[in-house]
Amino acid sequence: MTKYRPTRRDFLLGSLATGVSLGTMGGLEPLMQLARGAQGPGLLGDDRYYIFCYFPGGWDILLSLDPRDPAVFTEDKKNQTRIVPGYERLDTTDLTIPVYNEYMMGGSMTALGAYLGELATEEKYRNQMSIVRGLNMETLSHATGRRRFSTGKPPAGVQARGSSASTWLASNFGKQNLIPNLAVRVETFNQDQPTFASAMGFSSVSDMLQALRPNDAALDGNVQLQVDELIAHAANCESGLRSEFVQKAHAGRVKAIEMVSSGLESKFDFLAKTDEMAKLRDRFGFAQSSNGLNSAQARAALAARAITSGVSRSVSVAVAGGGLDTHFDNWETAQGPNQRAGFNAIARIIDELSETPHPDGKSSWMDHTNIVAFS
């Protein structure tokens, strides 16, 4: 029997069929059944991995995901159309395609804006995408909308009321991964899942390298061994086993030792003078410098590498830099280019996953990964 391999479109359609939206991924029973399913149309097996790509600030979808025909939506027709895209205000000298671009995707005509970048211009990505338009978070502030999407529940004020989708997925499928839930400049929440599913947060590639690299030994080896045994004994004694705090602290210490003993820092040493890392830097487009490691492009590379190296089950990463919170004239100069940089970073993630063989020897990592972009 051929094992069913779901596509990204199956993932979205299956979610909608269960009566939930993308934003309601956090632990609802219908999605649990969906994600646990091993076979059958619309079902996902436990060999799935997830990357949540966050665009901080708020994207203007009229420039990318849901454009309007500039010949129809004009200033003099705004009383009828109720939408004024403002395309005439943009500096279009840096655009390689028109602001409004139609092509076939999924068997039907659709329109994509110029600032969707290579996801719009390169044919190889067309069957990799599903676009959800008009998802209403019923919120006014960035924080409440972001937290509602993350958890699938309306916040209490600005306080999240549930666990993030990434936390839920890590809890159910990521226990064996070194870092089940990895977050890079993205907030996540854990209110009802095991401690191991809480996101380990970093702000840059340098931060992650520091966490993976062991420090110089401060104690003699035999002394360190005795200390380890003493701490383990304290955690496993009767009072330690009754203490939730002690158990969490002990689990965290064991995980930290496992991390620094893994030898995986070489997988994320993006500044190394090797052909492998030079190729990675060229693909994602960041410099061999400390500034390069702090870029959105390097964070995107980290997300892809965390999946292909088997480190993480679920990765949340900010793929766009600043400049999306544009309420004034900076919309004309910053909104579009920053969107395009973020979408191009996603294209690079797709390329990296598509060209990296999965351990099953028959597919690529992209065949096992869902990428969700949101703002």
Side-chain angles (χ1 to χ4, degrees), residues 52-78 81-101 111-121 131-150 158 184-187 203-204 284-287 289-300 316-349 372-375:
F52 295 87
C53 295
Y54 176 50
F55 286 68
W59 55 24
D60 181 345
I61 61 173
L62 295 176
L63 296 179
S64 53
L65 295 164
D66 195 11
R68 295 294 187 273
D69 188 341
V72 176
F73 291 83
T74 59
E75 178 72 24
D76 60 334
K77 296 180 181 178
K78 63 183 180 183
T81 63
R82 302 294 183 181
I83 297 176
V84 182
Y87 296 144
E88 72 282 352
R89 294 171 52 191
L90 298 173
D91 178 5
T92 58
T93 58
D94 67 333
L95 298 183
T96 58
I97 59 174
V99 172
Y100 181 77
N101 179 42
L112 296 175
Y115 288 113
L116 198 64
E118 294 175 30
L119 293 181
T121 59
I131 296 175
V132 178
R133 292 169 170 151
L135 195 64
N136 186 1
M137 291 294 151
E138 298 179 332
T139 60
L140 292 176
S141 72
H142 293 293
T144 51
R146 181 174 65 246
R147 288 161 191 168
R148 179 163 185 172
F149 184 92
S150 175
V158 295
V184 190
R185 294 197 182 184
V186 181
E187 64 179 13
S203 63
S204 67
F284 284 88
F286 61 92
S289 66
S290 57
N291 286 338
L293 284 187
N294 289 324
S295 66
Q297 290 76 18
R299 295 195 295 273
S316 302
V317 59
V319 295
L324 288 180
D325 194 7
T326 53
H327 297 273
F328 305 100
D329 289 343
N330 56 343
W331 172 84
E332 300 176 13
T333 57
Q335 174 70 222
N338 274 280
Q339 276 198 55
R340 183 171 55 191
F343 287 121
N344 284 345
I346 293 176
R348 300 288 76 76
I349 292 174
V372 179
F374 69 102
S375 184

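In this chain, numbering begins with 1 at the start of the sequence shown. Keep in mind it's a predicted model, so treat the numbers as computed, not measured.
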Using modelled atom types only, decide if a donor and an acceptor are shared between the side chain of [X] and the backbone of [Y] within a distance under 3.5 Å.
| X | Y | answer |
| --- | --- | --- |
| T81 | K77 | yes |
| R299 | N294 | yes |
| Q339 | D60 | yes |
| N330 | F328 | yes |
| R147 | V158 | yes |
| E118 | A347 | no |

For a quick test of reading the model, state the closest non-hydrogen atom pair linking [X] to [Y] and the distance between them.
| X | Y | value |
| --- | --- | --- |
| S375 | G58 | OG-CA, 3.1 Å |
| T139 | G145 | OG1-CA, 3.2 Å |
| G292 | A298 | O-CB, 3.2 Å |
| I346 | A373 | CD1-CB, 3.7 Å |
| L140 | T144 | N-OG1, 4.3 Å |
| G113 | A120 | O-CB, 4.1 Å |

[X] versus [Y]: any side-chain heavy-atom pair under 4.5 Å?
| X | Y | answer |
| --- | --- | --- |
| F73 | V84 | no |
| N338 | W59 | no |
| L116 | R340 | no |
| Y87 | P67 | yes |
| I349 | C53 | yes |
| D329 | R89 | yes |
| H142 | D325 | yes |
| L324 | Q335 | yes |

### Task
Could you tell me whether the side chains of Y54 and R185 share a donor-acceptor contact shorter than 3.5 Å?
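No, because no side-chain N or O of Y54 sits under 3.5 Å from a partner of the opposite role on R185.
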
### Query
Between the side chains of S289 and N291, does any donor sit under 3.5 Å from an acceptor?
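No pair is found: no donor N or O on one side chain lies under 3.5 Å from an acceptor on the other.
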
### Query
So, is the end of the R348 side chain (NZ or CZ) under 6.0 Å from the ring centre of F284 and within 45° of the ring's axis?
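Judged by the rule (NZ or CZ under 6.0 Å from the ring centre, within 45° of its axis), R348 is not positioned above F284.
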
### Query
For L62 and Y100, what are the C-alpha separation, side-chain angles and deciding distance, and is it a side-chain contact (heavy atoms from CB on, under 4.5 Å)?
CA-CA 9 Å; L62 295 176; Y100 181 77; over 6 Å; no

### Query
Would F343 and L65 satisfy side-chain contact (heavy atoms from CB on, under 4.5 Å), going step by step from the backbone distance to the final call?
CA-CA 10 Å; F343 287 121; L65 295 164; 4.2 Å; yes

### Query
Is the distance between the ring centroids of F55 and F374 under 6.0 Å?
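No, the ring of F55 stays outside the 6.0 Å limit from the ring of F374, centre to centre.
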
